K.L.:
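The structure's right below; bear with me while I get my questions together.
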Amino acid sequence: MVRVLPDQPAIDKTFDYLVPDAVGDQVRVGTMVRVALHGRRVGGWVVADDVEPPAGVTLRPLAKVSGWGPPADVIDLAHWAAWRWSGRTAQFLRTASPDHVVRHGPAAGRPPPPIHVPDDEVIAEALERDRAVLRLPPGADPYGVALAAAARAARAGGHALILVPSIAGARYLGLRLRRAGLPVAVMPRDWALAATGATVVGARAAAWAPVRHLAAVVVLDEHDEGWQQEQAPTWNARDVAAERARRAGAPCVLVSPTPSLEALTWGELVAPSRAAERDGWPIVEVVDRRDEDPGRAGLFSERLAATVRSGRRVLCVLNRKGRARLLACTTCGDLARCERCDSSVVLDDDGAFACRRCDAVRPPVCLACGGRTFKNLRAGVTRVREELEALARVPVVEVTGDTRADELPDAAVFVGTEAVLHQVTSADVVAFLDFDQELLAPRYRAAEEALALLARAARIVGGRSGGGRLLVQTRLPEHEVIQAALLADPARASRSEAERRAVLRFPPVSALAAVSGAGAEAFVAALRAGGSPSPAGSPVEVMGPSEGVWLVRAPDHATLLDRLAATPRPPERLRVAVDPLRL
DNA sequence: CGGACAAGCTGA
DNA sequence: CAGCTTGTCCGG
């Protein structure tokens with residue numbers, strides 16, 4: 001008799017079935033099966049075997065054994081993740097399952113030859129720890145860490161799990177490891193090979209890959225916000241991988257040029273020498289815009305003008321979309337604002353004013369004088385491209401999130417949103433036209449995000465030894481984030497950021513969840529009622545609502561998640577985002 | 001999720 | 001009161 005969790009989003013409940021003798025040898029914890037449930041057949045996973053079914057129910061036999069599923073340790077991990085991100089076990093098991101039916105493992109390959117791993121003290125030191133945060137500068141090649149981890153896992157009689165933020169990056173790393181002689185499963189394609197035994201390389205979903213005898217875990221660019229899924233449950237592949245390592249007793253190395261505060265709280269920092277780290281960061285040229293005449297300055301300093309005219313390949317970053325972001329009435333000069341909440345409004349696709357905060361839409365008419373024409377106060381990327389072209393006297397190409405990388409014309413000067421750093425792979429200089437926008441963004445993680453942005457740009461231009469250069473226009477030249485990049489010392493930024501988070505009680509000093517949706521009000525009421533009789537002593541606070549979102553805060557994850565799990569969910573739609581990146 | 005069944009509504 | 005909609009419950 002086995003316990004089966006149906007693969008149905010709304011059924012978070014298990015049912016027991018008889019295992020027919022004929023298929024007994026194919027069924028274990030994790031096996032994917034089909035079962036009869038309430039008059040229909042549904043897929044599901046065996047989540048426990050040798051179970052004692054509740055009295056008074058007549059069991060039906062399994063309808064079919066579909067194929068291999070996640071190993072038992074991943075089934076346990078999915079139960080944990082359902083608690084950790086207030087989700088449902090089935091959602092995680094779907095991510096952990098092969099996308100095609102798997103009935104046989106791949107043919108056994110030749111035993112791998114001994115692999116040569118170059119000596120590297122810093123990497124070796126990181127792999128000695130149970131939980132290491134390895135701070136490698138942006139210019140460093142992460143291949144050495146992956147190879148050393150795979151070799152270490154092999155010595156321990158097991159396999160390594162290596163997570164890379166992008167799918168393309170994972171494929172490339174997989175190829176290089178395979179060339180070194182290792183059996184490598186690149187996820188999600190090689191699910192069956194991973195299950196039989198290989199070094200496993202992949203992107204976010206690979207945190208759920210089957211790994212035989214997990215013996216080392218590496219997460220590259222652990223600070224990358226892409227590790228977290230945007231939809232609820234907002235699970236984070238870095239945290240899943242770290243928990244897997246903990247459960248397996250395997251070393252876990254989180255690698256980043258700019259480690260997150262979460263990582264620094266979790267593990268021990270390992271970093272190369274100051275000289276080596278400095279070499280891996282580009283030269284940072286800070287242009288202090290306070291010296292300029294504010295009326296005339298625009299977005300282009302003298303330094304920037306000289307740089308775009310120098311003939312070098314320059315990427316200019318301005319995180320604003322093409323349409324105007326701040327409008328003023330041409331008649332009276334009043335700013336275009338929302339009638340309801342007073343926030344600034346932007347022109348939507350239909351030419352109406354749309355509020356960016358409260359969703360209100362109104363005709364484009366000045367509230368003060370009734371004027372109907374407006375001028376841009378802040379140019380978006382489209383306008384800036386034209387101005388920059390005039391300044392540079394060479395063609396300037398605009399890049400936004402919508403631009404297709406393979407259709408990008410070649411040019412010496414590009415301008416775009418952050419997307420330009422994803423789509424153009426090499427340059428001599430990356431220039432941030434208005435870095436204060438990153439530093440002062442109204443998000444609690446703005447400082448970390450700003451430093452990560454500099455690190456991303458640093459990868460494109462390369463370290464200082466190769467002439468890599470960043471140009472940062474700012475009115476905050478003393479800001480710790482800019483100083484951290486300038487001195488190639490990310491700790492400068494994390495120290496001050498840690499203090500700020502402690503004062504404001506933001507993560508990692510606390511644990512947060514954002515609750516929204518039609519059922520949020522009822523859920524939050526139940527959440528408040530579920531606490532200790534005296535709310536004053538309750539460690540779980542509920543704040544809000546602000547724009548329909550409540551924020552739940554607790555001193556730590558266990559307190560927060562136990563309370564969320566103990567609160568009954570209303571039948572209406574409810575989104576619970578644990579560890580929200582934006583508030 | 002989706003089928004079963006009960007309770008509620010409508011029109012003759 | 002048949003015939004339909006809407007809501008709630010529950011599955012092995």
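Here is how names work: the chains are called A, B, and so on, in the same order as the sequence lines, proteins then strands, and each is numbered from 1. Bear in mind the structure is a predicted one, so any value in this text is a computation, not a measurement.
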K.L.:
I need the CD-C1' distance between E572(A) and dT8(C), as an integer number of Å.
P.N.:
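My rounded result for the distance is 13 Å.
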K.L.:
Decide whether D239(A) and W227(A) meet the rule of one side-chain donor and one side-chain acceptor closer than 3.5 Å.
P.N.:
no
K.L.:
Hey, can you tell me if W191(A) and W68(A) have their rings parallel, tilted or perpendicular (30° and 60° cut-offs)?
P.N.:
tilted
K.L.:
Which donor-acceptor pairs under 3.5 Å do the side chains of residues 27-55 of chain A make with protein atoms, sequence neighbours left out?
P.N.:
residue: T31(A); atom: OG1; partner: Q26(A); partner atom: O; Å: 3.4
residue: T31(A); atom: OG1; partner: R28(A); partner atom: N; Å: 3.0
residue: T31(A); atom: OG1; partner: R28(A); partner atom: O; Å: 2.9
residue: R34(A); atom: NH2; partner: R41(A); partner atom: O; Å: 3.3
residue: W45(A); atom: NE1; partner: S97(A); partner atom: OG; Å: 2.8

K.L.:
Collect all protein-nucleotide pairs involving nucleotides 3-6 of chain B in which both atoms are nitrogen or oxygen and the distance is under 3.5 Å.
P.N.:
none

K.L.:
I'd like to know if R445(A) and E225(A) make a salt bridge, using a cut-off of under 4.0 Å between side-chain N and carboxylate O.
P.N.:
yes
K.L.:
So does E243(A) pair up with R238(A), basic N to acidic O under 4.0 Å?
P.N.:
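No, no charged N to carboxylate O under 4.0 Å.
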K.L.:
Checking side-chain contact (heavy atoms from CB on, under 4.5 Å) between L77(A) and each of V240(A), L93(A), T89(A), which is the one that passes?
P.N.:
V240(A)
K.L.:
Please determine whether a side-chain nitrogen of the Lys or Arg among E448(A) and R501(A) lies less than 4.0 Å from a carboxylate oxygen of the Asp or Glu.
P.N.:
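Salt bridge: yes.
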K.L.:
CD of E52(A) versus P of dG12(C): gap in Å, rounded?
P.N.:
18 Å
K.L.:
Cut-off 3.5 Å, side chains only: do H223(A) and S256(A) have a donor facing an acceptor?
P.N.:
yes
K.L.:
Between residues 3-12 of chain A and DNA chain C, which residues have a heavy-atom gap below 4.0 Å?
P.N.:
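Those residues are I11(A).
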K.L.:
Is there a side-chain contact between K13(A) and the phosphate of dG11(C), meaning an N or O under 4.0 Å from OP1 or OP2?
P.N.:
yes
